[in-house]
Participant: 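Got a structure for you, written out below as structure tokens; questions coming shortly.
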Amino acid sequence: MSVEAPAKKVSVKDFRADLHNDWCPGCGDFGILASMQTAFAQLQINPDRLAVFSGIGCSGKTPHYINAYGFHTLHGRVLPVATGGRLANSGVTVVALGGDGDGYGIGAGYFVNSGRRNVDFTYLVHTNQVYGLTKGQASPTLQRGRKTKSMPERAIQDGINPIAMAVAAGYTFIARAYALDVKYTASIIAKAIQHKGSALVDVLQTCPTYNDLYTKEWYEGADLPEKRSRLYKLEDKGYDGVVKDPSDPQELIAKKAGAVARSYEVDPIPLGIYYQANLQTYEEAVSERIPALATTPLAELDVFHRDVSPLLEAMR
Amino acid sequence: MSVEAPAKKVSVKDFRADLHNDWCPGCGDFGILASMQTAFAQLQINPDRLAVFSGIGCSGKTPHYINAYGFHTLHGRVLPVATGGRLANSGVTVVALGGDGDGYGIGAGYFVNSGRRNVDFTYLVHTNQVYGLTKGQASPTLQRGRKTKSMPERAIQDGINPIAMAVAAGYTFIARAYALDVKYTASIIAKAIQHKGSALVDVLQTCPTYNDLYTKEWYEGADLPEKRSRLYKLEDKGYDGVVKDPSDPQELIAKKAGAVARSYEVDPIPLGIYYQANLQTYEEAVSERIPALATTPLAELDVFHRDVSPLLEAMR
Amino acid sequence: MRKNQLNWMIGGPQGSGINASAEVFARSCSRAGLRVYATFDYHSNIMGKHSFYRVRVADEDLRSFRDPVDVLVALDEETLTGDGHHRRWATHFGHLHEVSPGGGVVFDTEAGFDPATSDRKDIKFFPIPLMELIKTALTEIGKGGQFRAYEIMKNTVALGASLALCDYPFASLESVIADQFKAKRFDEIRGLNVRAARLAFDYVRDHFNIKDFPYQLGPGPDAKARILAKGFEIIGIAKLKAGCAFQTYYPISPATDESVFLEKQQRAQNLLVVQCEDEISSINMAVGAAHTGVRASTATSGPGFALMVEGIGFASITEAPGPVVTLYQRGGPSTGMPTRQEQGDLLLTLHPAQGDFPHLVTAPGDLRESYQDTFSAFNWAVYTTIDKLELKYDKIERGKLYHPGDFTDPQFKGPHDGFTAQNGHQTTQYGGAEKEYLRYALTPDGISPRSRPGQDGGRFWTTSDEHEPSGHITEGVDMRIEMMRKRMGKLDLALKLIPEDQQLGLWGPADADLTVVSWGSPKGTILDAIKVLEAEGKKVNFLQCRLMRPFPARRVGEILRKAKKVVLVEENYSGQLGQVIATETGFMIQERVLKFDGRPFSEDEMVKALSNVLAGGKAEAVVTVVR
Amino acid sequence: MRKNQLNWMIGGPQGSGINASAEVFARSCSRAGLRVYATFDYHSNIMGKHSFYRVRVADEDLRSFRDPVDVLVALDEETLTGDGHHRRWATHFGHLHEVSPGGGVVFDTEAGFDPATSDRKDIKFFPIPLMELIKTALTEIGKGGQFRAYEIMKNTVALGASLALCDYPFASLESVIADQFKAKRFDEIRGLNVRAARLAFDYVRDHFNIKDFPYQLGPGPDAKARILAKGFEIIGIAKLKAGCAFQTYYPISPATDESVFLEKQQRAQNLLVVQCEDEISSINMAVGAAHTGVRASTATSGPGFALMVEGIGFASITEAPGPVVTLYQRGGPSTGMPTRQEQGDLLLTLHPAQGDFPHLVTAPGDLRESYQDTFSAFNWAVYTTIDKLELKYDKIERGKLYHPGDFTDPQFKGPHDGFTAQNGHQTTQYGGAEKEYLRYALTPDGISPRSRPGQDGGRFWTTSDEHEPSGHITEGVDMRIEMMRKRMGKLDLALKLIPEDQQLGLWGPADADLTVVSWGSPKGTILDAIKVLEAEGKKVNFLQCRLMRPFPARRVGEILRKAKKVVLVEENYSGQLGQVIATETGFMIQERVLKFDGRPFSEDEMVKALSNVLAGGKAEAVVTVVR
Ligand SMILES: Cc1ncc(C[n+]2csc(CCOP(=O)(O)OP(=O)(O)O)c2C)c(N)n1
Ligand SMILES: Cc1ncc(C[n+]2csc(CCOP(=O)(O)OP(=O)(O)O)c2C)c(N)n1
Ligand code: SF4
Ligand code: SF4
Ligand SMILES: [Mg+2]
Ligand SMILES: [Mg+2]
């Protein structure tokens with residue numbers, strides 16, 4: 001997404017909304033919020049040209065804490081709303097976000113079908129393995145057989161593999177980050193925003209209140225005989241998910257298969273960019289239909305002087 | 001799914017309902033219907049222990065033509081309804097089916113989340129690249145840039161990759177068949193029914209009325225300089241998608257990645273079993289919670305003599 | 001001998017092209033200065049099931065169809081005698097029973113029907129060898145051997161034959177058939193169709209005595225051809241004229257046609273049409289677009305609307321400027337009868353989601369009103385920010401050709417409703433730091449100034465939770481009360497802003513002996529029936545309810561309480577408008593003429609039902625006579 | 001001095017355990033032979049936001065809470081003075097204004113509140129060093145240094161202090177605190193809590209003059225402890241007793257609790273609870289299960305219900321035997337106010353999908369009725385095959401403790417409604433070839449014999465399209481009419497089958513000067529208010545509407561038309577029951593006491609509002625007094 005610079009330089013502070021934050025102390029969402037604000041400042045996005053959309057959940061409250069256009073929509077529906085917003089005004093940078101229940105559970109249909117469109121937005125999923133706001137039930141990323149604090153029974157559904165899903169659905173930028181590593185997460189978010197097309201960033205997020213399995217300590221491997229992080233960065237192991245020649249189907253397939261294979265690694269878990277390809281966006285396809293859109297956002301086109309008389313004439 | 005044999009031997013004819021079929025002449029759905037009936041007879045399923053569920057679309061009418069319990073449900077909702085049916089009575093073989101719009105479009109969320117459960121049913125998707133019953137709009141399997149007969153514009157969304165989606169979602173049997181090859185399709189359906197867990201069979205189906213791209217002739221490669229089929233069978237190229245040791249995560253991952261890689265092959269298109277693994281079903285997991293279910297279907301358990309007094313007592 | 005008063009019907013299997021030939025006929029009549037009303041009846045299926053198309057023609061304006069069929073054109077036997085011998089429970093018993101005494105039946109000699117088996121000795125049968133005639137035409141161009149490939153031409157041929165009966169000038173038909181195949185690549189087909197129709201025309205004249213066939217058709221008084229529009233076309237054009245920039249949809253009968261129509265206009269009209277993955281996506285994408293500064297819209301039918309209810313509540317609590325939702329009603333409940341018509345969705349549209357929230361519902365009664373209400377909807381949404389605005393149309397389904405007077409003027413652009421280009425997308429401009437912007441500011445009239453993403457200094461928050469003027473969540477008592485009053489108050493405002501004639505219509509004499517109350521598409525049938533009754537010296541008037549929410553309760557109550565006798569007419573089981581009127585006015589209408597078999601009222605049914613009530617009879621449900 | 005008439009409140013941030021200590025207090029009172037009514041108020045948030053719990057205690061039955069707070073326990077300053085200084089638009093202004101003259105305020109010395117700053121000179125302040133006392137208790141077991149880790153104990157300590165004011169016997173409290181930490185692993189915690197509460201109890205006696213504190217609490221007349229049940233528990237138990245075998249859900253406040261409660265019973269009770277991916281899945285899975293032979297159910301709240309409407313129409317047209325849908329209403333519209341209460345969903349539940357179709361809606365007014373209606377629902381679904389059967393409960397949300405007399409008997413199993421084990425799952429058995437089975441057979445009463453998959457010879461088809469007796473699709477006129485009448489006729493049947501006392505309740509004198517009309521949970525408050533008014537010599541009665549669909553229109557109409565004066569009471573903006581009554585009876589209730597700020601009516605509000613109407617005043621919306 002290309003970004004219009006603000007009139008005067010903006011800093012992280014400029015993206016902070018003046019509102020008391022009521023997440024639980026220590027919630028990983030604080031890290032994601034900070035990462036977003038950092039990325040916005042890094043990219044020098046004009047807050048007036050930025051719209052942040054969210055679903056419903058603890059994570060869904062994020063836009064309220066960001067000084068930008070903020071849409072706190074419905075549970076599971078953030079992608080359609082954000083898509084509508086983006087298609088209406090391509091002059092606006094669109095960032096969508098929501099919980100893992102929101103995005104991969106009730107929102108799974110929109111998650112999949114949005115991948116098929118490749119609209120130019122960034123989608124951050126706060127993966128905390130629980131439904132936070134409804135008090136800690138299993139979310140779709142919790143693995144079969146696991147049981148967090150407030151669940152009366154073990155999970156008996158498989159956890160979803162969001163990275164593999166995103167590959168299959170057609171996202172053109174697919175990455176994973178870790179909420180408590182703000183610097184790295186910010187850099188991934190910045191790349192996702194810069195990417196032209198639908199970008200998914202699955203952010204592993206701690207929920208100290210309900211998730212007693214995937215805690216900060218767990219990610220840090222504090223419980224291991226020999227303490228070591230349960231996370232690693234793909235680039236540190238020489239992995240490169242970026243497609244060099246998107247017109248080469250072989251390379252596309254190979255990179256996709258590679259991303260899928262990596263996505264099943266569970267210890268350590270890979271962070272970073274699993275896959276990226278520069279393919280036609282929905283906006284580009286649409287402006288083949290409506291040439292004016294190539295230069296002017298829909299919201300600014302003149303649609304008030306249409307001549308419909310040929311249509312009427314043809315009906316005689 | 002284990003199958004109770006009928007009292008007396010059944011043949012294909014026994015699975016035919018006495019109802020005039022009103023699909024268009026030459027519709028690929030006839031092939032899928034015949035394949036199903038053939039498979040049921042092959043497996044000697046008792047029609048009284050068979051329930052066929054469908055969504056809404058041309059394909060959705062299938063259960064009416066089958067002599068078995070038939071549920072023609074809602075557009076996009078066939079999997080939840082079938083899941084409810086199966087969980088209520090595990091003594092019944094459950095086959096669900098529907099269109100590609102039904103299953104991969106409006107039903108995508110249920111397609112994905114059903115994969116996570118691994119309930120023991122078979123799901124057939126009639127992939128004809130169009131919304132048949134609503135007159136030929138692009139369905140989610142039509143590739144970007146293609147345009148069938150009744151579309152005013154080219155498709156500007158990617159076609160979904162159902163096989164890769166199914167892998168990511170967790171289906172434990174994933175296959176593809178071709179509607180006009182009844183014998184082969186029947187054999188795949190039979191294997192899918194025999195598989196214990198959620199089985200997806202994506203059936204390539206011709207729609208002579210609306211789909212002028214993927215026609216019988218196209219699949220047969222009649223237009224090629226040298227006529228040859230655009231389909232091949234995975235087993236003919238030595239591919240084996242069956243996981244031998246499901247407790248070995250490496251093998252599982254390798255087979256999944258292999259299936260995903262094959263799923264991107266477009267010419268020729270692979271038919272057959274992409275992936276199969278014997279993993280815990282939802283029913284098995286559930287009977288760990290409710291031991292009686294291991295031997296008796298829910299619909300036959302006594303739930304009418306419950307003693308709730310300890311619950312009440314604890315409230316004092 | 002009846003001149004220029006014809007009820008014509010063509011029936012045959014779906015896919016046999018009967019709609020094409022019926023529309024050729026209708027268009028031909030219109031160009032010949034006649035007036036036309038047409039309806040199409042078909043199954044929710046692609047091919048082979050029985051369908052039929054009625055065209056009623058006259059010298060004067062028509063707004064409904066009649067039961068008797070003066071000329072029946074049958075492409076197959078089922079059209080004549082039904083499907084009773086194929087099905088355990090017959091779906092229908094054919095149309096022979098509908099043919100007017102003295103009327104004619106044109107049918108294919110290949111259909112396997114023997115007129116001798118019919119008990120209709122009072123009508124005339126005209127067996128025509130349709131394939132033979134096609135073969136002849138093909139032979140003339142040296143293609144006689146391929147005639148089976150041209151079977152689809154049967155409908156045109158039969159049309160030609162049927163018009164010969166009525167002594168219709170062949171030339172009037174010829175030009176329209178030719179028009180149908182205008183494109184260069186149809187050169188051969190065009191000629192063949194015209195030729196075969198001509199052969200059929202001549203065949204009838206040559207083989208039958210048609211001199212005293214009682215129905216004659218010739219040029220009408222109206223020189224200039226009317227526009228023949230289907231409901232979805234007019235609504236589509238209204239959306240274009242109103243500045244709609246964004247339409248979402250998910251295919252569903254019978255709403256799809258509107259979106260497909262608009263899809264074709266994208267290039268020329270700068271309109272973006274998005275085919276979504278389902279209706280939940282359609283509504284929410286449209287809400288997102290509306291908030292972001294375009295006039296947005298979607299179209300659907302009952303099952304799709306059921307999926308939109310969540311999004312409608314969302315649009316309302318966030319005070320989105322739109323979208324406009326066009327609902328094409330069909331036979332319910334559930335999947336129901338997808339291609340059939342019913343007015344069964346009113347109650348759902350009035351309370352389509354949890355909690356109390358404002359939205360607008362209009363129910364236009366004909367194409368002219370559909371144009372007006374659709375057009376206005378976009379303005380009401382933008383100016384008053386009644387922000388979820390929803391339009392409801394019933395029974396303007398795909399098969400209906402209609403031609404109200406308004407559409408005859410080539411300069412016709414529809415009502416403008418004070419709308420100009422300058423104030424289209426326009427939202428308030430905010431000067432950054434100078435003045436604080438609050439999206440949900442509390443104002444005297446409940447309308448907060450509106451901004452949209454991308455504007456300098458117009459940043460805001462919005463949420464589906466209850467919120468403060470800033471758009472941040474609150475659960476406080478004070479703000480809750482303020483915001484509920486702000487939102488709900490817009491309904492009162494709307495009732496003030498919306499012109500009275502878009503709220504309701506009162507047609508006919510004030511001192512009528514009977515007041516018919518209805519809404520939506522029965523309007524035309526009721527007006528035609530009243531005309532018939534008037535000719536019999538009976539005084540009947542018609543209260544048409546059009547704005548459903550907010551409901552003009554005061555005026556409706558006044559009219560009803562003054563009425564001598566009131567009868568409710570609706571195409572549903574439970575008298576949904578009657579329920580709304582009782583809710584809003586306390587007036588309970590006792591006599592109810594309801595129809596819920598998925599078929600529209602005919603003029604004859606309406607005349608009969610109203611006469612019965614006028615005569616003091618108890619109103620009863622109307623059931624289409626099928627044998 | 002008031003003995004055994006106490007309004008107690010504890011407030012503090014979410015997550016500080018105030019609900020635990022309020023429930024300990026309530027249970028303790030109940031065991032001491034007193035009667036209790038309690039409500040909980042909290043934000044849609046996990047931690048930190050202000051929440052409070054009211055417990056009202058008396059010697060006799062209670063059904064509502066009161067505005068004045070006799071003893072206020074504040075764990076933080078916000079509980080006293082609100083959040084006005086943190087927020088631009090204050091959410092609340094604390095509870096000091098609610099304290100009864102002469103009442104007491106127990107608060108943490110660490111809360112940073114100085115009583116001198118308060119203008120409430122008429123109340124007593126009791127600053128208690130909560131952490132100090134915890135530290136003391138810890139020091140006694142040699143853990144004094146770790147006291148910050150035990151901060152959560154503050155609520156128990158404050159509870160102890162507050163009861164000392166009322167001279168409550170500490171022993172009654174002690175046993176319940178101990179019970180709370182029954183498990184072996186809580187040995188230390190148990191002792192610590194009891195000890196710290198004791199220290200607080202003594203601290204109050206030592207440091208303050210409480211001799212003339214006007215509110216006293218001691219053992220009540222009722223020897224045996226009542227059951228203290230939350231709404232969701234009682235409904236869950238009703239489902240268990242009714243033979244529900246399959247419950248689906250998707251998490252949503254406040255409905256989740258019921259499903260989580262049932263989840264815990266799975267092993268012991270052979271009940272399968274499925275957590276679905278969304279509410280569309282929940283409803284459709286339940287429909288599939290119901291068709292396949294189990295009693296199935298689901299539970300949700302407004303936003304989830306909005307997603308179920310499609311499935312409800314489906315259940316109805318396919319005549320599924322159920323499922324039972326339990327709707328826990330919350331503040332709307334849209335996401336609205338998730339943890340707050342409102343009666344805003346009635347109209348949606350009455351017409352929840354496109355077209356006309358039958359379903360049942362009941363709205364019980366208290367726990368006893370919730371039990372009955374839930375239990376009956378399963379039987380009504382199975383025996384009458386009114387096949388989509390839906391139950392609606394309002395405001396039985398998680399924070400409510402309640403104890404109607406019925407639940408005191410340990411043998412209590414609920415009403416049985418003619419229900420026995422033999423006819424539970426039972427469906428008709430079909431002997432294969434001998435007799436043809438038709439799932440939608442047309443029968444005199446509209447109820448077709450039912451089969452389920454897996455039965456020998458009971459095969460059938462079913463479809464969401466209109467269908468024939470066989471279950472195959474039809475679009476024929478005859479069958480359409482038959483099937484619509486068959487389905488809709490079941491509503492009349494239901495009205496005959498459902499016992500009158502489950503349709504409505506009429507409480508109080510027949511010759512009242514004022515008839516209050518309401519539904520759902522205001523019932524208790526209204527009855528309590530009527531009692532107060534009665535004591536003042538005023539004659540008021542109460543018409544409780546309980547069966548919402550089919551609606552007992554005749555009886556309701558009769559009662560209302562005979563009433564001297566009628567006032568409508570509802571917790572919503574638009575008077576939804578009033579609308580239903582107008583629809584069904586034509587009776588328009590002019591005076592409306594509505595509350596829509598997300599808080600329930602208090603007894604005081606109700607008394608005031610009704611007195612006003614009795615005195616000839618115009619009824620007005622009731623707004624919770626927040627300062
Ligand atoms: C249609 C609907 N169903 C259910 C809910 C209740 N609900 C609110 S938040 C939430 C889940 C939150 O989990 P997640 O999406 O993972 O976000 P988190 O709170 O963990 O950030 C649910 C189920 C709702 N708001 N709307
Ligand atoms: C909620 C809802 N939306 C839309 C429809 C209309 N509809 C009926 S069938 C169909 C699509 C059929 O396409 P597909 O699922 O691919 O099945 P096919 O006809 O191709 O077999 C649609 C959109 C509906 N029945 N319900
Ligand atoms: S519940 Fe979990 S996700 Fe929600 S705010 Fe608290 S810590 Fe964060
Ligand atoms: S439209 Fe296509 S899919 Fe439907 S019945 Fe006809 S050929 Fe088959
Ligand atoms: Mg989550
Ligand atoms: Mg399809």
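Every chain is numbered from 1, with letters handed out A, B, ... down the list of sequences. Keep in mind it's a predicted model, so treat the numbers as computed, not measured. Both backbone and side-chain heavy atoms feed into the values below; hydrogens, waters and symmetry mates do not.
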Participant: Measure distances from I473(C) to the heavy atoms of chain A and classify the residue's part below 4.5 Å as side chain, backbone, both or neither.
Facilitator: both

Participant: For chain C, find which of L79(A), T83(A), L311(A) contributes the most heavy-atom pairs closer than 4.5 angstrom.
Facilitator: L311(A)

Participant: Considering only heavy atoms, which portion of D179(C) lies under 4.5 Å from any heavy atom of chain A: side chain, backbone, both, or neither?
Facilitator: neither

Participant: Report which part of V274(C) has an atom under 4.5 Å of a heavy atom belonging to chain A: side chain, backbone, both, or neither.
Facilitator: both

Participant: Taking side chain as everything from C-beta outward and backbone as N, CA, C, O, which of these in E310(C) sits under 4.5 Å from a heavy atom of chain A? Side chain, backbone, both or neither.
Facilitator: both

Participant: Pick whichever of N67(A), I56(A), L293(A) has the most heavy-atom pairs under 4.5 Å with chain C.
Facilitator: N67(A)

Participant: Would you mind telling me which of L87(A), V286(A), T73(A), V112(A) has the largest number of heavy-atom pairs within less than 4.5 Å of chain C?
Facilitator: T73(A)

Participant: What about the rings of H64(A) and H72(A), do their centers lie closer together than 6.0 Å?
Facilitator: yes

Participant: Heavy-atom pairs under 4.5 Å with chain C - which of A68(A), A51(A), P310(A) has more of them than the others?
Facilitator: A68(A)

Participant: Not counting sequence neighbours, which residues clear ring-ring contact (aromatic ring centres under 6.0 Å, His included) with Y282(A)? List them please.
Facilitator: none

Participant: In a table with atom names and distances, give each donor-acceptor pair under 3.5 Å that connects a side chain of residues 36-43 of chain A to protein atoms at least two apart or in another chain.
Facilitator:
residue : atom : partner : partner atom : Å
Q37(A)  : NE2  : F15(A)  : O            : 3.1
Q37(A)  : NE2  : Y65(A)  : O            : 3.3
T38(A)  : OG1  : A34(A)  : O            : 2.6

Participant: Using a cut-off of under 4.5 Å on heavy-atom pairs, state which of A88(A), P297(A), A292(A) scores highest against chain C.
Facilitator: A88(A)

Participant: Under 4.5 Å from any heavy atom of chain C, what part of R117(A) do you find: side chain, backbone, both or neither?
Facilitator: side chain

